Amino acid sequence: MSRRAGRLALALVAAAIVCAAPPAFGAAPQVRIAGNRFVDETGQPMRLLGFNAGVGLEYACVSPVFGPTYEATLSDGPIDAPAVAAMATWRAGAVRVTLNEDCWLGLNPLKRTARRATPVRPPARAAAGRALRRRYRAIVRAY
């Protein structure tokens with residue numbers, strides 16, 4: 001893995017953790033990265049214990065996902081309020097939500113139909129990329 005890809009992966013994991021719901025016992029800690037460690041607001045190393053929320057946000061927006069919901073969502077799993085409420089009962093201190101760089105940045109948008117997904121070509125590519133970026137980020141924030 002390249003150094004840039006490693007940093008991006010770490011940043012995406014950190015973003016997912018920071019966006020996680022606060023633990024039931026109080027406010028969420030302020031997590032940041034120092035070197036190769038997660039640290040709290042005082043700079044003390046943190047050990048994050050939790051689980052992976054495999055909802056498909058890392059690939060569903062760029063791979064051809066077909067079926068009755070192919071246009072309705074950019075995820076492959078439940079990201080609604082009941083799913084989040086169920087996860088909250090597990091009382092984890094961290095939840096890993098994997099993201100996709102192309103979707104976050106609006107790169108390589110696809111046009112989907114019921115039968116296939118094809119790359120969007122210029123001149124519509126820039127507008128489609130902005131729309132993908134806005135939609136993907138809104139879904140991640142809402143989740």
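Just so you know, these numbers come straight off a predicted model, no measurement behind them.
Taken to the nearest 0.5 Å, the CD1 atom of I79 stands 9.5 Å off from the CE atom of M87. Between the CD atom of E101 and the CG atom of L107 there is a distance of 7.0 Å, given to the nearest 0.5 Å. Taken from CG in N108 to CG in L132, the straight-line distance is 9.5 Å, to the nearest 0.5 Å. Note that CZ of R47 and CZ of F38 are 13.5 Å apart. Values are rounded to the nearest 0.5 Å. Rounding to the nearest 0.5 Å gives a distance of 6.5 Å between OG1 of T118 and NZ of K111. One distance of note links CD of E41 with CE of M46; it measures 7.5 Å at 0.5 Å rounding.
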*Start with the C-alpha gap between V95 and W90, add the side-chain angles, then the distance that decides, and say whether side-chain contact (heavy atoms from CB on, under 4.5 Å) holds.*
CA-CA 10 Å; V95 177; W90 301 343; over 6 Å; no

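Across N52 and R96, no two heavy atoms sit closer than the pair OD1-NH1, 3.0 Å. Here the shortest heavy-atom pairing between Y143 and L57 reads CD2-CD1, 4.2 Å. In plain terms, the two heavy atoms of G129 and P109 that are nearest each other are N-CG, 3.7 Å. The minimum heavy-atom distance between R133 and L105, with the atom names listed, is NH1-O, 3.4 Å. Here the shortest heavy-atom pairing between P45 and R37 reads CG-NH1, 3.9 Å.
Cluster annotation: V120 is not connected to L110 through the hydrophobic network of ILVMFWY side chains, with a link wherever side-chain heavy atoms come within less than 4.5 Å. Note: the hydrophobic cluster containing I139 also contains V97 (ILVMFWY, side chain heavy atoms under 4.5 Å, direct or indirect links). L49 and V31 end up in different hydrophobic clusters when Ile, Leu, Val, Met, Phe, Trp and Tyr side chains are linked at under 4.5 Å.
Listed by chain and number, the residues in a side-chain hydrogen bond (donor to acceptor under 3.5 Å, both in side chains) with R134 amount to none (sequence neighbours excluded).
Cation-pi geometry between R137 and W104 is met: under 6.0 angstrom from the ring centre, within 45 degrees of the axis.
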